[in-house]
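Data first, discussion second: the structure below is written as structure tokens.
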Amino acid sequence: MIATRDAYGEALAELGGENDKIVVLDADLSGSTKTGVFAKKFPNRFFNMGIAEANMVGTAAGLAAVGKVPFLSTFAIFAAGRGWEQIRQSVAYPKANVKIVATHGGVTVGEDGGSHQSVEDVAIMRAIPNMTVIVPADGEETKGAIRAAAAYKGPVYVRLGRNKVPSVFPAGHKFEIGKGVVVVPGTDLTFITTGLMTAAAVTAAEKLKAEGISARVLHIGTIKPLDKEVVLQAAEETGAIVTAEEHSVVGGLGGAVAEFLAETCPTLMKRVGVYDRFGTSGKSDELLKYFGLNAETLIEEAREIVSRKK
Amino acid sequence: MKEKIADLEEKARRLRVAIVKTLHKSQSGHTGGSLSAIDMVCALYFHKMRHNPADPAWDGRDRFVLSKGHAAPALYVTLAECGYFPAEDLMMLRRLGSHLQGHPDSKGTPGVDVCTGSLGQGLSMANGMALGLKLDGKENRVYAVLGDGELQEGQIWEAAMAAAHYKSDNLCALIDSNGLQIDGDVSKVMNVSSISDKFKAFGWNVIEIDGHDMRQIVDALDQAEAHKGAPTAIVAKTVKGKGVHLFENKASYHGVTPNDDELPEALRCLGCCD
């Protein structure tokens, strides 16, 4: 168990030693986003921009324009929300080589409440042309994703969480932008999941096995570009899809999969996520339960969708 | 020096003619703000900035950000005059398939480094460039032209704060203060004065000039380069539509182009006989 933001801090500090073009910007949250680890190691390549996210995005675009590889971080709600138009105009439109690594995505921010719980960021980042959107499942995948983002030339949005999450991938797991990974094979339905919901789907698949339901778990680390090949394969081979994400069901992974399958291979589908609501204060485990973002919900939805297949 | 100034003045006159002809041809674009900024853009490209039209990506170049991106015609005619692309391209301004987009687009136009047009974002990008160049120990400078109406965007002041905080003395902002925006007088829509006091309060070196007096522009750019420890803002009093009485000081000429009837008179004002 490790928080994806902690893995980010480690990966960033490591990469900083390998590539001196990497610079990091933060908006007064370097302790929380873990960019502080980089700041300590490479103080001259770290810019604290204060509580001014729009300017931070523009500054990163300028740094990229003179050949730097800027990573900028703050909470997802401020990065993607407050910085949206700046990201669209100054970063994505010119294909600037800027990496936006947003932490504290989703409802597991917890007690801070609805104001801080970003359940729309994947949808609004996904709508921007040229933007790559990544939501890692665990710490190991985060490290790979940060490495891949640094090597990729162009705008990337990586969404991370606050809390420790269970491991899904073994140490040394290779992350490839745009590639989905079948974590558990199965034939009756497919859980297409991202972020911390992949671990929940693995648990659900194990329990369903005992009931005689064979559930495939397809982890989508890159929501955009979507790995259409594995999604289509899942639809054709299992005939039923349950998507799951710690995000609104509007426009996130579920939306991306539904849009694609509706035009290529209409399939029985159910989206697990936050149903067009704002977050609320509470402990993160309580909130996951409150919003139905857990293995129990996935099991119920799996049973239901498999029964509809018949 | 006198010759140099006269030469720049003549260049600026010719660039004004090019702006008017280009906008007449396109029948879409921003006349007033292009004519108010052109003297400064001219001084930058033909006097101050290190750049190489034969190699737009030359590492040793100074950087330019047209934060008030709607003045794109002023930048395009200047880049064409420098030789970044053929002058004939200007006739394709804002047309489908043209590399001359309605607002500057770094992906298509040689000599354009960043995309601008959504107001308020250019100074942040300029400061990012300045920080990056300094980090590499380079002496290259970054120039950004902003509008006075644009200063109503809060991001400008975030950027002003950051540039002073990081002592970006390789950054120079030129404020094209023509006093007008789409809905009318800047002072009536949302008063931004005193621009100089605001930049001073944020820790900038401030120089006030007449933005159409070539000698003052050149002197201010030289002073800005010599100033160490803080970025410089050149607050330039300008006239929207400068040079063509039909367009001067008219908010209605913000996004309007010369029509067939106005063209001959506009060119006559600019001493153009062809």
Side-chain angles (χ1 to χ4, degrees), chain A residues 16 19-28 39 42-72 74 78 82-100 128-130 153-155, chain B residues 57-65 67 69 101 103-109 112-138 140-144 153-168 170-171 202:
Chain A
N19 182 353
D20 64 6
K21 286 195 162 55
I22 290 178
V23 293
V24 176
L25 302 93
D26 206 301
D28 192 41
F42 309 103
N44 65 327
R45 284 195 271 146
F46 175 80
F47 300 101
N48 199 328
M49 302 311 291
I51 309 162
E53 294 79 10
N55 179 52
M56 173 166 70
V57 172
T59 308
L63 282 158
V66 293
K68 299 296 174 191
V69 183
F71 277 74
L72 74 86
T74 180
F78 309 130
R82 194 170 278 236
W84 187 84
E85 208 254 343
Q86 284 74 14
I87 292 171
R88 176 191 182 273
Q89 171 70 22
S90 298
V91 174
Y93 184 43
K95 290 188 190 169
N97 197 20
V98 172
K99 320 301 166 185
I100 300 147
I128 305 176
N130 295 339
K153 206 164 164 55
Chain B
W58 174 49
D59 197 41
R61 74 195 188 281
D62 291 333
R63 297 333 195 254
F64 178 74
V65 176
S67 191
Q101 293 286 297
H103 293 80
D105 179 359
S106 56
K107 298 187 297 299
T109 313
V112 173
D113 282 322
V114 292
C115 293
T116 52
S118 177
L119 294 175
Q121 302 190 24
L123 193 58
S124 301
M125 289 192 273
N127 190 42
M129 290 180 173
L131 290 173
L133 291 166
K134 269 206 159 181
L135 202 52
D136 288 339
K138 290 179 179 162
N140 310 74
R141 294 181 57 75
V142 184
Y143 296 93
E153 288 283 1
Q155 188 182 342
I156 291 288
W157 303 105
E158 295 181 5
M161 196 169 2
H165 178 85
Y166 282 108
K167 299 184 170 56
S168 300
N170 53 344
L171 171 66
F202 276 91

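Atom-to-atom distance recorded for Gln101(B):CD and Tyr93(A):OH is 5.0 Å, nearest 0.5 angstrom. We find the OG-CD distance between Ser124(B) and Gln86(A) to be 7.5 Å, quoted to the nearest 0.5 Å. Atom CE of Met125(B) is separated from atom CG of Asn55(A) by 11.0 Å, given to the nearest 0.5 angstrom. Between Asp136(B) atom CG and Lys21(A) atom NZ the span is 7.5 Å, to the nearest 0.5 Å. Here Thr59(A) contributes atom OG1 and Gln155(B) contributes atom CD; the two are 8.0 Å apart, rounded to the nearest 0.5 Å.
Of the atoms belonging to Glu53(A), it is backbone heavy atoms, and not side-chain ones, that fall under 4.5 Å from chain B. Heavy atoms of Ala159(B) lying under 4.5 Å from chain A belong to its backbone as well as its side chain. Contacts of Ser118(B) with chain A are made by both backbone and side-chain atoms, with heavy-atom separations under 4.5 Å.
Within 6.0 Å of CZ in Arg61(B) there are more than 12 heavy atoms belonging to other residues, nucleotides or ligands. Other residues, nucleotides and ligands contribute more than 12 heavy atoms inside 6.0 Å of the CZ atom of Arg45(A).
In terms of heavy-atom pairs under 4.5 Å with chain A, the best-connected choice from Lys138(B), Arg63(B), Met161(B), Glu158(B) is Glu158(B). Your options are Thr116(B), Leu131(B), Asn140(B), and the one with the most heavy-atom pairs under 4.5 Å with chain A is Leu131(B).
With Val66(A) as the partner, the side chain to side chain contact (heavy atoms under 4.5 Å, CB included) test is satisfied by one option alone out of Asp59(B), Asp113(B), Leu133(B): Leu133(B).
Across Gly132(B) and Lys68(A), no two heavy atoms sit closer than the pair O-CE, 3.7 Å. Taking both residues in full, the closest heavy atoms of Asn44(A) and Leu135(B) are given as O-CD1, 3.2 Å, listed atom of the first, atom of the second, then distance. Of all heavy-atom pairs spanning Gly117(B) and Gln89(A), the tightest one is N-NE2, 3.9 Å.
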Starting from the C-alpha separation in whole Å, work towards a yes-or-no answer on side-chain contact (heavy atoms from CB on, under 4.5 Å) for Asn127(B) and Phe47(A). CA-CA 12 Å; Asn127(B) 190 42; Phe47(A) 300 101; over 6 Å; no
